[in-house]
Number of protein chains: 2
Amino acid sequence: MKKTAKQAPRARGPGAAARAVLDAAEALAQTRGYNGFSYADIAARLGVTKASLHYHFASKAELGRALIERYHAGFAAALEAIDQATDEPGAKLERYVALYDAVVRNDRMCLCGMLAAEHATLPEPMQRQLRVFFDANERWLAAVLEQGCRTGRFTCSARASERARVLLGALEGAMLVARSYGDPQRFRAAADFLLADLCKAAPGAAPQARARARPG
Amino acid sequence: MKKTAKQAPRARGPGAAARAVLDAAEALAQTRGYNGFSYADIAARLGVTKASLHYHFASKAELGRALIERYHAGFAAALEAIDQATDEPGAKLERYVALYDAVVRNDRMCLCGMLAAEHATLPEPMQRQLRVFFDANERWLAAVLEQGCRTGRFTCSARASERARVLLGALEGAMLVARSYGDPQRFRAAADFLLADLCKAAPGAAPQARARARPG
DNA sequence: GTCTATAGGCAGATAGAC
DNA sequence: GTCTATCTGCCTATAGAC
């Protein structure tokens, strides 16, 4: 079933090169920001020239657009996976936080949180994409909080969508500040605090709220 | 009492030019980030040439250092003013939030929050200054929370310093995300939620928690 | 203190060979 | 798809006149 051996690069499948560019750009954007990296940085990581990058993404604005698009799609898939893995609101939130915790432990910041800081300097399409990402996150979180409210799992103060907005901002901010200390534990501790607060009025109802994906 | 009329520029006092440079750079850094502005931008705003800026700040790294230094000093003075204006922990927190609210209403982001996003690209002296700023804020907040705990003004869960850290991160994150929507009200609403949470277990003890400095 | 002029480098981007 | 070569423009920074 082997294709002609000459086509080794093609063997990785179509779009593999573009994906490699996105991977490198994503890592750079999440650590240094959109204004903090250049085509030269990506080219150096991949061992190719700057010119070849323009074959896949004609402009940096187009690359940035594709970056958010893929990131959002991946995040949406992760949220769907959570919904299918469990119905328990507390477990959902714990897994949601775990998504960000993985990002932080990888010495990165949420891509969209990072880009939000640079908002004023971004091409307008990217600005719109950021709002779409945050809106989707808030909607998902609001639904989880609302469910937790109904079932008595969480402190119920209604206004789930406002609480979702605060929670998302708090998680982004915890990542932001933690970066200055190079200490992933700082994020995890803040996240645990935020999760615990949701259960404050329902003691004993937060059994595994502090479960870890990995040993501390 | 007039000086010789020839010295009009000097009349603004020594260092006035340097201060004007810092003012312009600060506004740019808080809206576009450290990597999002150049000497050319500052020069254009002040109506001078790029070269003249180097007389006051030899390098951009030195300018950045001076930027954080002055910002932190101003913030420290504001915190001291709050301490002298009131002893009530709730009022202190309300005034603390008002400091950030003024920043947001000015279409800016906290300078250090903005720079925290760009942390990986900053000169090492600036990186250290960021930690100093956040540490000072956390200490002040922790003292206020601790006092509110003792007096029963706030929900008392001990661990004031951890709660202070979460609160600071949450405020920075609320600013960060609100920027993408260009809506200052988004920050204020999140801040009110955070303040209200501190009083959740002490209903009726949060009379003016939602007081505004200006009409909405 | 501010200017003109310029250096030296890196940015994003394009043309055209292979 | 990737390369070499190159363009244009902006960046930080410096020299030296006024």
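Letters A, B, ... are given to chains in the order of the sequence lines, protein chains preceding strands, and every chain is numbered from 1. Keep in mind the model is a prediction, meaning the values are calculated, not measured.
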Legend entry - Nearest-nucleotide 5' precedence on DNA chain C, B/K50 against B/G47: B/G47

Inset, instruction - For DNA chain D, find the residues of residues 33-46 of chain B with a heavy-atom distance under 4.0 Å and give them by number; none if there aren't any. - result: B/F37, B/S38, B/Y39, B/A40

Legend entry - Set of residues satisfying side-chain contact (heavy atoms from CB on, under 4.5 Å) with respect to B/V21, sequence neighbours excluded: B/I42, B/L46, B/L53, B/H56, B/F57, B/L63

Inset, instruction - Could I get the full list of side-chain contact (heavy atoms from CB on, under 4.5 Å) partners for B/R179, not counting sequence neighbours? - result: A/A120, B/T31, B/M109, B/M114

Collect all protein-nucleotide pairs involving nucleotides 16-18 of chain D in which both atoms are nitrogen or oxygen and the distance is under 3.5 Å.
none

Inset, instruction - Only pairs at least two apart or in different chains count here, so list each ring pair (Phe, Tyr, Trp, His ring centres under 6.0 Å) that has a residue in residues 17-45 of chain B. - result: B/Y39-B/H54

Inset, instruction - Just grab all the salt bridge (charged side-chain N to carboxylate O under 4.0 Å, His left out) pairs involving residues 44-57 of chain B, residues at least two apart or on different chains. - result: none

Inset, instruction - Identify, residue by residue, the members of residues 52-62 of chain A with a heavy atom below 4.0 Å from DNA chain D, and return them in order of residue number, or none. - result: A/S52, A/Y55, A/H56

Inset, instruction - Quick one: list whatever passes salt bridge (charged side-chain N to carboxylate O under 4.0 Å, His left out) with A/E146, sequence neighbours left out. - result: A/R150

Inset, instruction - List for me each residue that meets ring-ring contact (aromatic ring centres under 6.0 Å, His included) alongside B/Y96, sequence neighbours excluded, and say none if there are none. - result: B/Y100, B/W140

Legend entry - Qualifying salt bridge (charged side-chain N to carboxylate O under 4.0 Å, His left out) pairs, either residue in residues 114-127 of chain A, two or more places apart: A/E124-A/R128

Legend entry - Non-neighbouring partners of B/S59 that pass side-chain hydrogen bond (donor to acceptor under 3.5 Å, both in side chains), sequence neighbours left out: none

Legend entry - Ion pair B/D197/A/R163, N-O distance below 4.0 Å: yes

Please table the atom pairs, donor to acceptor, closer than 3.5 Å between any side-chain atom in residues 65-79 of chain B and protein atoms at least two apart or in another chain.
from: B/R65; atom 1: NE; to: B/E62; atom 2: OE1; distance (Å): 3.1
from: B/R65; atom 1: NH1; to: B/E69; atom 2: OE2; distance (Å): 3.0
from: B/R65; atom 1: NH2; to: B/E62; atom 2: OE2; distance (Å): 3.3
from: B/R70; atom 1: NH1; to: B/D23; atom 2: OD1; distance (Å): 2.9
from: B/R70; atom 1: NH2; to: B/D23; atom 2: OD1; distance (Å): 2.9
from: B/Y71; atom 1: OH; to: B/L111; atom 2: N; distance (Å): 3.4

